[in-house]
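A note on names: the letters A, B, ... follow the listed sequences, proteins ahead of strands, and every chain is numbered from 1.
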2 protein chains.
Amino acid sequence: MTTNIVDRVAVIKALAHPTRLRIAELLAKKTSCVGELHQQIGGDLSTVSKHLTVMREAGWLTCQKTGLHIYYSLACDCLDDFLRCVDSLSTNSNCC
Amino acid sequence: MTTNIVDRVAVIKALAHPTRLRIAELLAKKTSCVGELHQQIGGDLSTVSKHLTVMREAGWLTCQKTGLHIYYSLACDCLDDFLRCVDSLSTNSNCC
DNA sequence: TCATTACTTGGCGAAAATGCCAAATACTTT
DNA sequence: AAAGTATTTGGCATTTTCGCCAAGTAATGA
């Protein structure tokens with residue numbers, strides 16, 4: 001199958017937001033439910049929930065329902081590689 | 001220095017667009033000027049130019065002026081790793 | 001200097017993303 | 001069944017992004 005550029009963009013876009021990137025970092029450390037993430041992040045709980053939906057639909061997260069809680073986890077083990085690449089890009093370009 | 005989440009998001013966001021991702025792929029194969037990229041991509045030339053500015057300011061691109069042309073190149077060697085991570089995420093999540 | 005080629009910048013309407021509130025759903029406990 | 005807890009969904013105003021057009025800048029050549 002051909003690598004669809006639309007799917008790729010959806011994945012990348014799902015991390016192209018400060019709150020969602022923060023969520024990814026938090027979930028890389030510890031599987032959590034929406035309420036726990038909300039405590040770290042602030043703002044509206046429903047906003048956090050919607051960010052989680054975006055990330056889950058893009059493929060970054062898996063989730064598991066246990067009683068009243070829904071626990072979210074990072075679905076990949078490549079976030080460090082991904083961010084290593086991101087951090088390697090210098091913003092101060094000596095260009096034309 | 002602390003890794004600033006705002007800078008990271010700017011880098012990620014710069015690739016979170018179908019045309020810009022396409023540009024990254026094209027430039028990974030071959031250093032090109034705006035006109036050459038425009039031939040591959042279509043649309044308005046000024047739009048392509050603006051996408052290049054976004055990518056350059058984020059750090060993805062370097063550029064070099066030679067006469068009338070401005071040649072753009074990928075500034076990193078980690079695009080493959082980056083995309084490998086992106087492609088590893090399955091969209092069809094078997095979640096709640 | 002004038003015309004041409006290559007590219008960028010300004011501006012603006014259209015589309016998409018964001019965040020908050022209110023309401024709805026789902027499960028548990030009493 | 002009713003109340004309580006955890007989370008999602010709907011809706012909407014605000015902000016951001018996008019793409020095209022027109023105009024501007026920069027280097028080259030006649």
J.: Is A/E36 reaching over with its side chain to a backbone N or O of A/C33, donor-acceptor style, under 3.5 angstrom?
T.: yes

J.: With a 4.0 Å cut-off on heavy atoms, is B/I70 in touch with a base, just the backbone sugar-phosphate, or nothing at all?
T.: sugar-phosphate

J.: Looking at the side chain of A/K50, which of D/dT8, C/dT8, C/dC20 is the nearest nucleotide?
T.: C/dC20

J.: Verify, without hydrogens or angle tests, whether B/S46 (side chain) and B/D44 (backbone) share a donor-acceptor contact under 3.5 angstrom.
T.: no

J.: For A/Y72, which contact category applies under a 4.0 Å heavy-atom criterion: base, sugar-phosphate, or nothing?
T.: sugar-phosphate

J.: Please report the distance, rounded to the nearest Å, between CZ in A/R22 and C1' in C/dG19.
T.: 17 Å

J.: Looking only at non-hydrogen atoms, find the nearest pair between B/A28 and B/L79 and report the distance.
T.: CB-CD2, 4.0 Å

J.: For the side chain of B/L68, starting at C-beta, report the closest nucleotide among D/dA6, D/dT7, C/dT5.
T.: C/dT5

J.: Between B/W60 and B/V11 (side chain of the first, backbone of the second, donor and acceptor by atom type, cut-off under 3.5 Å), is there such a pair?
T.: yes

J.: Please state whether the sulfur gamma atoms of B/C85 and A/C76 sit closer than 2.5 Å to each other.
T.: no

J.: Round to the nearest Å and state the distance from A/I41 atom CD1 to C/dC20 atom P.
T.: 12 Å

J.: To the nearest angstrom, how far is A/Y71 atom OH from D/dT8 atom P?
T.: 13 Å

J.: If you only use heavy atoms from C-beta on, which nucleotide in D/dT8, D/dA27, D/dT5 is closest to the side chain of B/K65?
T.: D/dA27

J.: Within the structure, does a side-chain N or O atom of B/S46 lie under 4.0 Å from either OP1 or OP2 of C/dT8?
T.: no

J.: Please give, in whole Å, the distance from D/dT9 C1' to A/R56 CZ?
T.: 13 Å

J.: May I ask you to verify if any side-chain N or O of A/K13 is less than 4.0 angstrom from the OP1 or OP2 atom of C/dA17?
T.: yes

J.: Starting at CG of A/L52 and ending at C1' of D/dT9, how long is that distance when rounded to a whole Å?
T.: 14 Å

J.: Quick one: B/I12 CD1 to C/dA17 C1', roughly how many Å, whole number?
T.: 17 Å

J.: Looking at the side chain of B/V34, which of D/dT7, D/dT9, C/dC7 is the nearest nucleotide?
T.: C/dC7

J.: Would you call the rings of B/H51 and B/H17 parallel, tilted or perpendicular, taking 30° and 60° as the class edges?
T.: tilted

J.: Which of the following nucleotides, D/dT28, C/dA26, C/dC21, is nearest to the side chain of A/D44?
T.: C/dC21

J.: Can you find a side chain N or O atom of A/T47 that sits less than 4.0 Å from OP1 or OP2 on C/dG19?
T.: no

J.: Find the distance A/M55:CE to D/dT8:C1' and express it as a whole number of Å.
T.: 17 Å

J.: Once you apply a heavy-atom cut-off of 4.0 Å, does B/H51 come out as touching a base, just sugar-phosphate, or nothing?
T.: sugar-phosphate

J.: Just N and O in the side chain of B/H17: are any of them under 4.0 Å from OP1 or OP2 of D/dT17?
T.: no

J.: When the nearest nucleotide of DNA chain C is assigned to A/A16 and to B/G35 on a heavy-atom basis, which residue is associated with the more 5' position?
T.: B/G35

J.: Give the rounded distance in Å between these two atoms: CG of A/L15 and C1' of C/dT18.
T.: 17 Å

